[in-house]
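Comments concern the structure below.
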Amino acid sequence: MKKARYLVEHMYTADPAVHVFNGKLYIYPSHDIDAGIPENDNGDHFDMRDYHVFSMDSIEGEVTDHGVALDVKDIPWAGRQLWDCDAAFKNGKYYLYFPLKDKTDIFRIGVAVSEKPEGPFVPLDNPIRGSYSIDPCVFCDDDGTHYMYFGGLWGGQLQRYRDNKAIECGQLPEDGQPALPSRVVKLDDNMLEFAEEPKAVVILDDNREPLKAGDNERRFFEASWIHKYKGKYYFSYSTGDTHKLCYAIGDNPYGPFTYQGVILTPVVGWTTHHSIVEFKGKWYLFYHDSVPSGGKTWLRSMKVIELEYTEDGGIETIEGIED
Ligand code: FUB
């Protein structure tokens, strides 16, 4: 599969998080809508209100829409904006993790539970204690331990926090300071709580120095994802205002990770967000762009393309805008 395939036409979908459950691909995207809110750097125009889950038996085959899996009106602590979610499975239950602004307009991360991968999911009464910011991605390591990666700058509010505490008038660091990192946290066995304090996901350059806040071409912005290939941990993410998906490699789930390069060059649209998954012996990049909506940044469409590795474990760069 050398050309990307758009996956659904009947609605706008973005930020696809993909997992293999019961031998099928399950896709957990954001559900983009036209809420009529003017575009701004805070992302207010991304005013999403529910999630649908999709599944596929094969990468070329039919994509099944399982309908509404979780609706904002059923979340007791909801304010607004259901952004990028992810899902995990443990002990016979499926868990949907989602960022949502609470009633004070602060992003928290919530969890909802189902007996089935496609939902419907029942949300807990409160967000996860100690959670903040956006874009949860949940990774199950080979020993069955689950880790959540999360965080996003600007509208994602990560700049409000230092050492897991909200600071007065949170600002981005100066250009020469270390970049604000994504966070990683081990999940409790019950999958509903953090088992520890979140830690920084440090990305190092070739000199083993943390990437700087002014290094917009390479530093973390949002859209954390992690996958394992040949025993190494690949942390991938969006650079936000420079619109690239990049990756860094580490030896364990906490890192540090060493910067490697670009997975996807900018797409049509402002945001870029993805997941990487192995299915039936091949690797795939799921991502989105705004081509079908004619470039509307808040109306995105998810797509998939095969991802290829070089012999030394690098990832071949994919062009975001195809010929
Ligand atoms: O879909 C809303 C937000 O846009 C996501 O949470 C970000 O990663 C960006 O894709």
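Just so we're clear, the structure is a prediction, and the values are computed from it rather than from any experiment. Residues take their numbers from the sequence shown, with the count starting at 1. When a ligand or atom number is given, it counts from 1 through the structure's own listing order.
Looking at atom 4 (O) of ligand 1, its nearest protein heavy atom turns out to be Arg300 NH1, 3.2 Å. When hydrogens are left out, the protein atom nearest atom 6 (O) of ligand 1 is Asp135 OD1, 2.5 Å; that is the closest non-hydrogen contact. When only non-hydrogen protein atoms are considered, atom 10 (O) of ligand 1 lies nearest to Asp15 OD1, 2.7 Å. Nearest to atom 9 (C) of ligand 1 among the protein's heavy atoms is Glu222 OE2, 3.4 Å.
The shortest non-hydrogen separation linking Ile203 to Ala248 is CG2-CB, 3.9 Å.
Applying the side-chain hydrogen bond (donor to acceptor under 3.5 Å, both in side chains) criterion to Asn91, with sequence neighbours excluded, gives no partner residue. Residues that satisfy the side-chain contact (heavy atoms from CB on, under 4.5 Å) test with Ala14, not counting sequence neighbours, are Ser30, Asp32, His288, Arg300.
Between His274, Gln81, Met48, His273, it is His273 that holds the heavy atom closest to atom 8 (O) of ligand 1.
Close approach to Asp84 involves these atoms of ligand 1, each under 4.0 Å from a residue heavy atom: 6 (O).
The aromatic rings of Tyr284 and Phe286 lie perpendicular to each other, with more than 60° between the two planes, well past the 30° mark.
A centroid separation of 6.0 Å or more is found between the aromatic rings of Trp83 and Trp298.
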